[in-house]
Each structure stands twice: as structure tokens, then as C-alpha cells.
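Inspection log for the structure reproduced underneath, given as C-alpha cells.
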Amino acid sequence: MKSNRLNYNLFKLGKNYMANEKRNNELVYSFKCPSCQEGTINIFKSIYDLPDGDKMLILKFECNACNFHKNDVIPLTTNIEPGIMTLHILDDNDLKSKIYRSPVGKLEIPELELIVEPGPRADFYYTNVQGILFRFENAVSIYSKNLEEDDPEKSEIDELMFNLKQAIEGKFKFTLKITDPEGGSYIIPQDESKYTFEKIKKKELE
Ligand SMILES: [Zn+2]
């Protein structure tokens, strides 16, 4: 399957691209570092051609003052098929699986009743599973603080918070599902056997 091959290439790429010589390295954007508040983060982009013709965009974030650095790998080829990606997270290793949710992708964790709906203002996510849980934890914590102590919803939210914390530590089994009608999202699993991809036709979504 195409998407699996792509995922495999991403694995290889992730392991090898640091060793490859730099090319097309282009400064695209700079902003103040949120980590040290002093330095400037420069974003460099480079394009990599994979042996099978796919192209990858690599964005490198580097602060010139502190140690902050980060690499994002984004597939540029549009031939990733629309589909439903499902990843079963059973242990803390699975939490390291990489996730990229495009603006049209819907992300769900059914066991925790958490959903990120697609939309023009929806954040692009390129993070790992744990990163997504942290964002949810942050959002739920803000929500919880605004509840009165005697709010009937309080116990429900407390339970959700408990499960979220367990999930972040790899002690709560759950499913992460991305439904993407246009095929821009992807999951790069740590363990391929816990990942499934189900093709969808555009018609079925209408
Ligand atoms: Zn910095």
C-alpha cells in the first residue's frame, strides 16, 4: 500500500537525513525564541527526493542562543490517499509515534471522548502522540479550573484528567484515529503492527 511505503520511507528518512549533506537549505522565517526569550529561531527548509519519487519537506527550527531545535518532516507528495488512520497505543513506546494532522483531518481518541475537529483555524499538528495528549491535558485543565466546585460535570472532568495523565505515562490503552478526506495527514507508528489504514472514497464522506 502506498501509504505504508511512504511511512516506511519516512522511517528511513528520519534515521538518515541528518547524515545527508545539506542542500536546498533555505532560510524561510525567523521569530523570537519562546524557550529562552532571547535568541532568534530560524526556520530552514530543505527538500528531499526519495528513491521512489516522493518528496519530503524538512523544516529545521534552530535557536541561535539556546539549545532549542526541532525538525519537522512533511510529505509534499499529494498522492497519500484519503483514509482513516488508526493507531492503537498500548505502551509508552507507542506514545512516540509521530502524527501529522492536516487542517482537514479530524483527530479522535474515542476512549477519552476527545476530538479535534477540522477547520480553517484548526492547528496543524506535527507532534508525537504524547504531544497531543499534553495539548489535551492543557485544554482540559483550563476548562476544569473554570468549573465551580459543585458543578455536576466536575467529577466527569476529574476522571478524564486522571485518565489523560495515565495515558501520558503509557498506562492507559487507547486508540488514536485520524479521518482525512483529502489525504494530507499521516501517522508514523513506532510499531507498524498497531497501525491500520483504511482507504475512503470522497463520495462516502458527503
Ligand atoms: Zn532560544
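We count ligands from 1, going down the list as the structure has it; atoms in each ligand are counted the same way. Side chains are part of it too, since the values below use all heavy atoms of this structure and drop only hydrogens, waters and symmetry mates.
- Here the CG-NZ distance, from Asn128 to Lys96, works out to 9.5 Å after rounding to the nearest 0.5 Å.
- Under the 3.5 Å distance criterion, the side-chain polar atoms of Ser97 are matched with a main-chain donor or acceptor of Gln190.
- If you take CD1 on Ile187 and CD1 on Ile178, they are separated by 4.0 Å, rounding to the nearest 0.5 Å.
- Residues Leu133 and Leu95 have side chains in contact (heavy-atom distance under 4.5 Å, counting atoms from C-beta outward).
- For the Zn ion (ligand 1), protein N, O or S atoms under 2.8 Å: 4 in total.
- To the nearest 0.5 Å, atom CE of residue Met161 and atom CG of residue Asp158 are 9.0 Å apart.
- Between Lys173 and Asp94, none of the side-chain N atoms (NZ, or NE/NH1/NH2) sits under 4.0 Å from a carboxylate O, so this pair counts as no salt bridge.
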